[in-house]
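Heads up: the structure comes next, in structure tokens.
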There are 2 protein chains.
Amino acid sequence: MPGADTREKILDAAERLFSAHGFAGTSLRAVIRKAEVNLAAVHYHFGTKEDLLRAVLERVVVPVNQERLERLGEVEAGSGEDPPPLEAILEAYLTPGLRSIHDLGERGVIITRFLGRSYTEPNELVQALVRDQFGEVGQRFTEALGYALPHLPEGELHRRFMLVVGVMTYIQADAGRTGEYAEDLFDVDRMVGHLVVFLAAGLRAPAPALRQQVREKEGASS
Amino acid sequence: MPGADTREKILDAAERLFSAHGFAGTSLRAVIRKAEVNLAAVHYHFGTKEDLLRAVLERVVVPVNQERLERLGEVEAGSGEDPPPLEAILEAYLTPGLRSIHDLGERGVIITRFLGRSYTEPNELVQALVRDQFGEVGQRFTEALGYALPHLPEGELHRRFMLVVGVMTYIQADAGRTGEYAEDLFDVDRMVGHLVVFLAAGLRAPAPALRQQVREKEGASS
DNA sequence: GTCTATAACGGGATAGAC
DNA sequence: GTCTATCCCGTTATAGAC
């Protein structure tokens with residue numbers, strides 16, 4: 001195959017720029033300049049700018065979420081009838097999102113930041129795509145966490161898993177920045193280890209006292 | 001004063017649009033349409049688009065960080081010579097960033113999301129402004145947390161505080177969305193309570209074993 | 001499949017009347 | 001201080017030659 005594939009050059013450049021400047025902050029012309037291709041090639045291969053974004057996002061996020069589900073499956077299979085240990089579930093969730101840093105070097109940092117940023121992108125299409133891709137992962141992991149944390153009521157379980165996602169997202173979005181994890185970026189196991197200690201302790205904390213039906217404010221009937 | 005203030009109308013509209021679509025995703029023309037003012041008025045009152053962003057950001061972030069420092073000061077003063085309890089420090093950090101939801105209603109939701117989004121906004125100016133504004137808060141709170149968590153080595157302390165910031169940021173950015181905290185949005189004390197339980201437990205977790213100088217990989221001298 | 005050229009439009013910024 | 005009009009550039013997208 002003579003000359004690097006045009007399609008992939010576009011994907012690589014777009015991935016890098018979306019990661020650095022966001023969707024709205026990246027112009028197609030910036031993409032073609034970096035990819036050293038023609039503007040029309042983008043439209044030929046992908047269609048609209050949003051279609052390009054979709055392609056970039058899926059190339060990154062699909063394998064990560066697949067690996068999450070696979071790892072969770074292995075963890076569940078490995079623990080027989082018992083619920084898998086909390087730490088193992090967390091590792092199954094966290095590692096795939098950070099692993100690419102180690103495996104792919106500089107591009108891994110870009111991918112990781114792209115992933116984290118996608119979760120907070122203002123663009124509505126991005127939001128829809130992310131929620132879509134994340135649906136099954138969120139459901140399966142919430143379920144697994146529920147077995148590992150039987151003391152948590154349903155609502156609190158959902159809220160706490162959201163905090164896990166928040167931590168993951170923030171760490172990803174900060175990849176390669178001035179963050180405190182900068183030195184650990186290429187030692188993923190160690191970084192995941194730090195996160196697991198923190199998150200497992202938080203998740204295991206007792207549920208806050210229920211006071212849903214105890215509204216201190218004046219009720220309708222005095 | 002006849003006719004609402006032009007300057008404030010612009011700030012309000014820009015705040016709402018930046019919050020919803022980000023900086024790059026918001027055009028000045030969209031701002032003036034919503035504010036029902038003239039395009040030239042924006043340049044007259046603020047200068048460039050970046051100057052407008054700076055004004056919007058500072059209007060929101062300065063009072064929040066001021067209140068954080070004030071609350072921390074009160075907490076420290078109230079505990080005499082002892083280090084303040086961890087939970088009180090966390091409340092001092094979290095509440096100001098979420099309080100506006102309760103106090104300001106719909107605009108509070110906008111502000112909160114704007115705050116969360118600013119922390120992950122790709123634009124470099126935003127990053128610089130946020131880091132600037134956050135500097136003193138980060139330093140003071142890290143210091144206070146250090147006294148409350150004497151078992152944590154310096155590096156781990158910084159990393160864990162970063163996770164607190166990550167949780168805060170994610171919760172803010174998700175304000176008014178489908179998040180699990182949606183129903184608690186207007187009961188800030190309760191939401192903060194939930195967060196504090198989780199975060200305090202995570203922060204109190206024992207530090208992961210040090211293995212910095214034990215690199216399993218081959219050293220320079222065998 | 002790849003390119004040039006251009007359409008059609010929206011962007012930020014400014015000049016200058018009032 | 002507020003407005004209209006306009007400059008000038010960059011944007012996405014497409015048409016059509018090769």
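Sorted by first and then second residue, the ring pair (Phe, Tyr, Trp, His ring centres under 6.0 Å) pairs involving residues 21-40 of chain B (not counting sequence neighbours) are B/Phe18-B/Phe23.
In this structure, A/His45 atom NE2 and D/dT14 atom P are separated by 16 Å, rounded to whole Å. Distance CG (A/Asp51) to P (D/dT14): 10 Å, rounded to an integer number of Å. Remark: C1' of D/dT2 and NZ of B/Lys9 are 12 Å apart, rounded to the nearest angstrom. The interatomic distance linking A/Phe23 (CZ) with D/dT11 (P) rounds to 13 Å, in whole Å. Atom P of nucleotide D/dA13 and atom CG of A/Leu52 are separated by 10 Å, given to the nearest angstrom. With rounding to whole Å, B/Ile10 atom CD1 is found 12 Å from D/dG1 atom P. Atom CG of A/Leu17 is separated from atom C1' of D/dG10 by 16 Å (rounded to the nearest Å).
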Checklist entry - Using a cut-off of 4.0 Å between protein heavy atoms and nucleotide atoms, how would you tag nucleotides 13-18 of chain C 5' to 3' with B, S and -? => result BB----
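Taking the six-membered ring for Trp and thresholds of 30 and 60 degrees, B/Tyr119 and B/Phe134 have ring planes more than 60 degrees apart, a perpendicular arrangement.
Summarising the geometry, atom CZ belonging to B/Arg190 is positioned 13.5 Å from atom NE2 belonging to B/His102; distances are rounded to the nearest 0.5 Å.
With 3.5 Å as the limit, one finds a donor-acceptor pair spanning the side chains of A/Thr48 and A/Asp51.
Between C/dG11 and B/Ser27, a contact under 4.0 Å exists linking OP1 or OP2 to a side-chain N or O. An OP1 or OP2 oxygen of C/dT2 is reached within less than 4.0 angstrom by a side-chain nitrogen or oxygen of A/Thr6.
Residue B/Glu136 qualifies as open at atom CD: its count of foreign heavy atoms under 6.0 Å is 12 or below.
For B/Phe46, the ring pair (Phe, Tyr, Trp, His ring centres under 6.0 Å) criterion is met by no residue, not counting sequence neighbours.
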